[in-house]
Structures are given as C-alpha cells and as structure tokens.
Amino acid sequence: MTVDQFREILRRDVVEGAKALLGATLVRGGLTARIVETEAYRSDDDPASHCFHGRTPRNWPMYLDAGFAYVYFNYGVHWMLNVSAHEEGDGSGILIRAAQPLSGLEEMRERRGTELDRNLLSGPGKLAKAFSLDGSYNGLDLLCPSDLSQIHLVPPAEPAEYTATERIGLAIGKGHDYPWRFVDAARSEWASR
DNA sequence: AAAATGATGCTCT
DNA sequence: GAGCATCATTTTC
C-alpha cells in the first residue's frame, strides 16, 4: 500500500483507519515497532474524544488532515501518541496503544528501565517513553516521505486480522461501550492488558 | 489474580 | 478545582 492510499483510508473513516493502522510500522531514528493495538476517537458524536466539546488550544492537531501527530500529556505522567483522521477541520483521531518492538530494542530497554521485551511498548505511555516522544512531536506529518528525520509511519503490507473490544479507561456513559479498540489478532501478546 | 494506591501536571470549567 | 484515553508498586483475597 502506498502512503497516499493509506492517508486516504485514514481520511475516510476513523474507525476503519484504526483497523488499518494495525500492522503499520512506527519509525523514529533507529527505533522501529509494529503497531498491534489502537483506539478510535470520533470528533462529533463520541463523548470520550478530546474534540467532543470542540477545538481548544490543546487539541488543534486533531483537526489537521489525516495522518498528523497529536501528542499530549496525561495523568501528569505520560505522553500519548495519536494519529489525526478525517479531513482538515474534523477532530477525529486514533490513539496508538501498543506495538511490537522490531529494532532498537536496547535503546528502548534503557529508556523504559526494564529487560522484559513484552513490557517495552505494551501501553500508550510506555510506547511514548520508549520512543522518547513528547510535545515537540505535536503536529508533525507522520506520512510525509520527505520528512523522515523525526518520526513517521510506514503503511502495512497487508491488512491485519483484528479483534474489536471496548476502549480502555473511559467513564461509564462516556462512550465506554463503543467497540472501537482494535488488537492485531495474531500478535495480541504485545498488546496492553 | 485482582484491587487499591500514589505519583504527577496539564486542560478546561 | 475536578478530571483525566496511565503505570508501577503494594496490598489483599
């Protein structure tokens, strides 16, 4: 799949985009990982979305065209990486929740302070820490082939088989029962619990 | 195995 | 001032 085809999928529908993101490769420098767990957050009718109440100084990258990074700080502790979806002006996005480490494992172990590879990227905060992501990555185009310096996504070779479940950590009545969390069925051992 | 807890800080009301 | 799209550690069954 080409980068342009991939961006078009993300542009069309955030839920389909969350499924399509499974199997994509996240790259930053010598670090690479295969995405195995995602969650869709839709702007207009999803109470759990940061954009449910409209545009704010924090969530502006979600309103960019599909394929841009929204990196925000949460719980006073963790950075989270999201990929914007839908067209410019729509605040939908996809949270990258977990990945399978492929290269740069030693650097990841060092940053995460663990030797257990299974725990390196098995959660959104863990992934951001292992990749050393912070607010400076906010608003970057993750699919721009000419800007490979910082961070980017490589589209999957083929669609992954997935299982859908309820999203994690949401209050009841706030869209907690939407089945918008997707896990790569063949690699669930790398997902969060 | 599951539940409780504390750390920690930014955003929006 | 409340509420988080969390994690690691400790405590309890």
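FYI, side chains are in, hydrogens and waters are out, and symmetry mates aren't considered; it's all heavy atoms of this structure. Proteins come first, then strands; the chains are lettered A, B, ... in the order of their sequence lines, and each starts at number 1.
Hydrophobic cluster membership differs between A:V183 and A:L121, with clusters built from Ile, Leu, Val, Met, Phe, Trp and Tyr side chains linked at under 4.5 angstrom.
Residue A:R167 is classed as having no contact, given no heavy-atom separation below 4.0 Å to the nucleic acid.
At a cut-off of 3.5 Å, with distance as the only test, no side-chain donor of A:Y63 or A:H86 sits close to an acceptor on the other residue. A donor-acceptor pair shorter than 3.5 Å cannot be found between the side chains of A:R42 and A:S92.
Contact annotation: A:R112 side-chain N/O to C:dA8 OP1/OP2 distance is under 4.0 Å. Between A:H50 and the phosphate of C:dA5, there is a side-chain N or O to OP1/OP2 separation shorter than 4.0 Å. For C:dA8, the OP1/OP2 oxygens have a side-chain nitrogen or oxygen of A:K126 closer than 4.0 Å.
Rounded to whole angstrom, the span from the CZ atom of A:R181 across to the C1' atom of C:dT6 amounts to 14 Å. Between A:N74 atom CG and C:dG3 atom C1' the separation is 10 Å, expressed in whole Å. Remark: P of C:dC7 and CG of A:L116 are 15 Å apart, rounded to the nearest angstrom. If you take CG of A:D134 and C1' of B:dG9, they are 15 Å apart, rounded to a whole angstrom. Between the P atom of C:dC4 and the CG atom of A:D46 lies a distance of 14 Å, rounded to the nearest Å. Atom pair A:L120:CG and C:dA8:P shows a separation of 10 Å (rounding to whole Å applied). Residue A:H176 contributes atom NE2, which lies 18 Å from atom P of C:dG3 at whole-angstrom precision. For the pair A:H78 NE2 and B:dC10 P, the interatomic distance rounds to 15 Å; values are reported in whole Å.
Comparing C:dA5, B:dC10, C:dC7 by their closest approach to the side chain of A:M62 singles out C:dA5. For A:L95, taking side-chain heavy atoms from C-beta onward, the closest of the listed nucleotides B:dA7, C:dA5, B:dG9 is C:dA5. Distances from the side chain of A:N82 to the nucleotides B:dG9, C:dA5, C:dT6 place C:dA5 closest.
The nucleotide C:dA5 finds no pairing partner, because no Watson-Crick or G-U wobble arrangement with both distances shorter than 3.5 Å includes it. Pair assignment for B:dT8: none, as no Watson-Crick or G-U wobble contacts are both less than 3.5 Å.
Lacking a ring centre under 5.5 Å from that of the base six-membered ring together with a plane angle below 30°, A:Y75 does not count as stacked on B:dG9.
Take the nearest nucleotide of DNA chain C for A:Y72 and for A:N119: the residue whose nucleotide is more 5' is A:Y72.
Counting only distance, with no hydrogens or angles, the side chain of A:N82 and the backbone of A:G93 share no donor-acceptor pair below 3.5 Å. A:S122 places no side-chain N or O within donor-acceptor distance of the main-chain N or O of A:S192, the cut-off being under 3.5 Å.
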